[in-house]
Structures are given as C-alpha cells and as structure tokens.
Trainee: 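Shown below is the structure under consideration.
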Amino acid sequence: MSALFPLLAVLIWAANTVVSKAAAQVLDPAAISFYRWFVALLVLSPFCLRAFWRERHAIAPHWRRFAVLALLGMVLYQCLAYYAAHRTSATNMGVICALIPLLGLLLNGLVFRQAVSRSAMLGVLCSLAGVLYLLGAGHPLSLLDGGINPGDALMLVGSSAYALYGILLRRWAPPFGAWLNLYVQVVLAVLLLSPLAASADSLAIPPAGWPLVLFAGIASSVLAAYFWMRGIARLGAERTAIFMNLLPLFTALIASATLGETIHAYHWLGGGAILLGVSLSQGSLVRLWRKLQPS
C-alpha cells in the first residue's frame, strides 16, 4: 500500500508531460507556465500563508537561495518543457526526463567535484548511448548532419536545470518543512514568471485549456507533491526515487492512448538503455543522497 503513493505521483507527472504536449495546441507556453504556478499558489495559500507570514523574518535571509531554486525547478524546467512541447513528442519528453538522476550525478562531479565511481561512469555511458539513439530516431549518426531536434534540446536543458535544482535543494536543505519550502518557491516562481507572462501573445484560456491548466496547477504541482512526500515518509527517499524510472513508460503509454503518438522501436531501445544506465549508477546515487543529507 505504501508503494501506491510514489506510484500515483509518477503517474500524475507522466500525465502532466502529456498535458504539456496537449497544451501546445491551445495555450501560449508563457501563459500556461505562469498559470500553472499561479493556480498552485491559490490552492496552497489557505494552508501555508499563515505559516509563511509567521516565519517571514526567518525566511528572509534565505530568499536568494529560494529564488535560485524557484528559477531552476519551476521556471526553467517546466517553462522549457512547455516550449519543447511545440517541437517534440510527449514520448521523447518523458524519456529525456529519465536522464535527470544521471545529469545530477554528472553535475555533482563537474560542479561540486563529487567523486564518480566506475559503475556510475558505466551507467552514464550506457545512458548517453541511449540518448543518442533516441535523439537520432534509431540513427545516431544522423545527428552529425541534422543536429538535435530543438524540442529535445530544450528538454535536455530543462532536465539539467531540474537536476541542479535537486542537488541544491538537498545541499541547502531549507529548514522550514517541505510544504513551506514549496510554498516559498511557488510564490517566487509566480513573481519570476510574471514578466514572461506579460510577453505572451495571449493570456486568454480557451475552454479546452482550462482542464489542462487545472491539472498542471493542482494535480501535478500539489497532489503529486503530496503523494511523493508521503512515499518518502513511508518508504524512505532511496526506495521512493526508484519509482521515477517508470516515468518514461507511463508517459509513452498515456501519450499513445490520448494523443495517438506512435511508440517506435527506437523509443524502447533508447529508453531501455537510459534506464539501464540509471540502474547501473543507482548505487552511486544512493551514496550521494546519503552524503547530501543534512546532519
């Protein structure tokens, strides 16, 4: 029963990837980027605003770190996903998201000089081969001529931003509890996204766009976070993190059923190689998680 919580969270996040693709047809990406976190802010405020006001003086010295976290995890990652959805498939987006744990491992090695084991490097190479196979649609050498699809490139940048977000969140470990930490980031994300929203061609939400906005703002931003936190509380961070490996599979199945996307052989082979790489490096990721936990 405990496994149901992270399973539901991953299922919602997979569905949100498909929602991002569907939104590309009806909403300006700048508009839905803003509305997602604005709706989340409205939903969370009745539960978090009083605590936020009570702790405002304690939170103030941490605002720069919170701003960086909001920029990486809520502005860059999700915003780039909405723009990427105009140029690539939901299936590709889901598979690229599976790279986030390995991107975190690489960033820790490059930026924070965290040692990377041989098994982790093998996992990186395996996943890299899977990425090249996926991005080349089964013909990796074609990337030398045509380059990477712009949508896939945006997802890679966004996933790197989210990997860095995860690293910094664990390193900084804001001491205000999970929900208040989330709420502060949501407040700052709304402020940071306001100029982008002002640049949108249209902020109007058509009838077909309302379910997409509400799903992104409530289910993906609040409910999934709740399920994920419950999963960590019951199973621990290490066992819960393994469920993220199901994200590309769920995304591909939902995209096939709702958007009619075709799952090609290169999706299975490339995605399988990526997940194999994640599995090979899992021991290193677990040790890294333990080291980054606050004492």
Side-chain angles (χ1 to χ4, degrees), residues 9-43 69-100 103 135 148-166 182 185-225 247-248 250-252 254-255 258-259 261:
V10 173
L11 187 60
I12 290 172
W13 283 325
N16 190 62
T17 303
V18 178
V19 165
S20 298
K21 178 64 179 178
Q25 309 302 318
V26 295
L27 286 161
D28 188 293
I32 190 171
S33 296
F34 173 79
Y35 284 134
R36 170 180 178 167
W37 296 113
F38 183 71
V39 170
L41 178 63
L42 294 179
V43 172
L69 293 173
L71 177 64
L72 291 171
M74 298 175 177
V75 177
L76 283 178
Y77 173 61
Q78 192 58 59
C79 189
L80 288 176
Y82 288 128
Y83 281 95
H86 286 259
R87 307 295 293 274
T88 191
S89 66
T91 302
N92 274 29
M93 292 168 68
V95 173
I96 292 171
C97 284
L99 278 173
I100 290 175
L103 289 170
L135 298 183
I148 298 176
N149 177 297
D152 293 334
L154 287 174
M155 277 306 300
L156 283 170
V157 174
S159 295
S160 299
Y162 197 80
L164 182 56
Y165 166 83
L182 175 64
Q185 292 172 65
V186 169
V187 170
L188 290 169
V190 170
L191 294 175
L192 291 170
L193 285 166
S194 294
L196 179 66
S199 71
D201 293 334
S202 173
L203 288 174
I205 304 177
W210 278 105
L212 305 178
V213 169
L214 293 176
F215 185 91
I218 299 175
S220 183
S221 303
V222 180
L223 285 180
L247 179 65
F250 286 167
T251 302
I254 296 171
T258 60
L259 301 179
E261 290 189 2

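Both backbone and side-chain heavy atoms feed into the values below; hydrogens, waters and symmetry mates do not.
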Trainee: Does the side chain of Thr88 pick up a donor-acceptor pair with the side chain of Asp152 at under 3.5 Å?
Mentor: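 Asp152 and Thr88 do have a side-chain donor-acceptor pair below 3.5 Å.
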Trainee: Atom CD1 of Ile96 and atom CG of Leu103: how far apart are they, to the nearest 0.5 Å?
Mentor: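 Going from the CD1 atom of Ile96 to the CG atom of Leu103 covers 10.0 Å.
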Trainee: Would you say Ser20's side chain and Ala81's backbone share a donor-acceptor pair under 3.5 angstrom?
Mentor: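 No; judged by distance alone, with no hydrogens or angles, the pair does not exist.
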Trainee: Would you find more than 12 non-hydrogen atoms of other residues, nucleotides or ligands less than 6.0 Å from Tyr83 atom OH?
Mentor: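 Check passes, neighbour count above 12.
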Trainee: I'd like to check Leu192 versus Leu71 (side-chain heavy atoms, cut-off strictly below 4.5 Å). Are they in contact?
Mentor: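 Side chain of Leu192 against side chain of Leu71, heavy atoms only: contact under 4.5 Å found.
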Trainee: With sequence neighbours excluded, what pairs up with Tyr35 under the ring-ring contact (aromatic ring centres under 6.0 Å, His included) test?
Mentor: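 Applying ring-ring contact (aromatic ring centres under 6.0 Å, His included) to Tyr35 gives none.
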Trainee: Return yes if some donor-acceptor pair links the side-chain N/O of Lys21 with the main-chain N/O of Ala90 below 3.5 Å, else return no.
Mentor: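 Here the side-chain-to-backbone pair does not exist.
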Trainee: What's the spacing between Leu214 CG and Ile205 CD1 if we round to 0.5 Å?
Mentor: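 Going from the CG atom of Leu214 to the CD1 atom of Ile205 covers 8.0 Å.
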Trainee: In the structure I gave you, are the side-chain heavy atoms of Gln78 and Ser33 within less than 4.5 Å of one another anywhere?
Mentor: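 No, their side chains stay 4.5 Å or more apart.
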Trainee: Quick one: CH2 on Trp37 to SG on Cys79, what's the gap to the nearest 0.5 Å?
Mentor: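 Spacing of CH2 (Trp37) from SG (Cys79) equals 12.0 Å.
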Trainee: For the residue pair Asn149 and Arg87, establish whether any side-chain heavy-atom pair is separated by less than 4.5 Å.
Mentor: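 Yes, their side chains come closer than 4.5 Å.
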Trainee: Would you say that Ile32 contacts Asp28 through its side chain, given a criterion of any heavy-atom pair below 4.5 Å between the two side chains?
Mentor: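 Sidechains of Asp28 and Ile32: no contact.
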Trainee: Can you find a pair of side-chain heavy atoms, one from Tyr77 and one from Leu72, that are under 4.5 Å apart?
Mentor: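 Side chain of Tyr77 against side chain of Leu72, heavy atoms only: no contact under 4.5 Å found.
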Trainee: Under the side chain to side chain contact (heavy atoms under 4.5 Å, CB included) rule, what do Val19 and Ser220 come out as? Steps first, then yes or no, please.
Mentor: CA-CA 10 Å; Val19 165; Ser220 183; over 6 Å; no
Trainee: Find out whether Thr251 and Trp13 are in side-chain contact, i.e. whether some heavy atom of one side chain is under 4.5 Å from a heavy atom of the other.
Mentor: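 Heavy-atom side-chain distance check fails, nothing below 4.5 Å.
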Trainee: Taking Glu261 for its side chain and Thr91 for its backbone only, find out whether a donor-acceptor pair lies under 3.5 Å.
Mentor: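 Pair found, side chain donor or acceptor close to backbone of Thr91.
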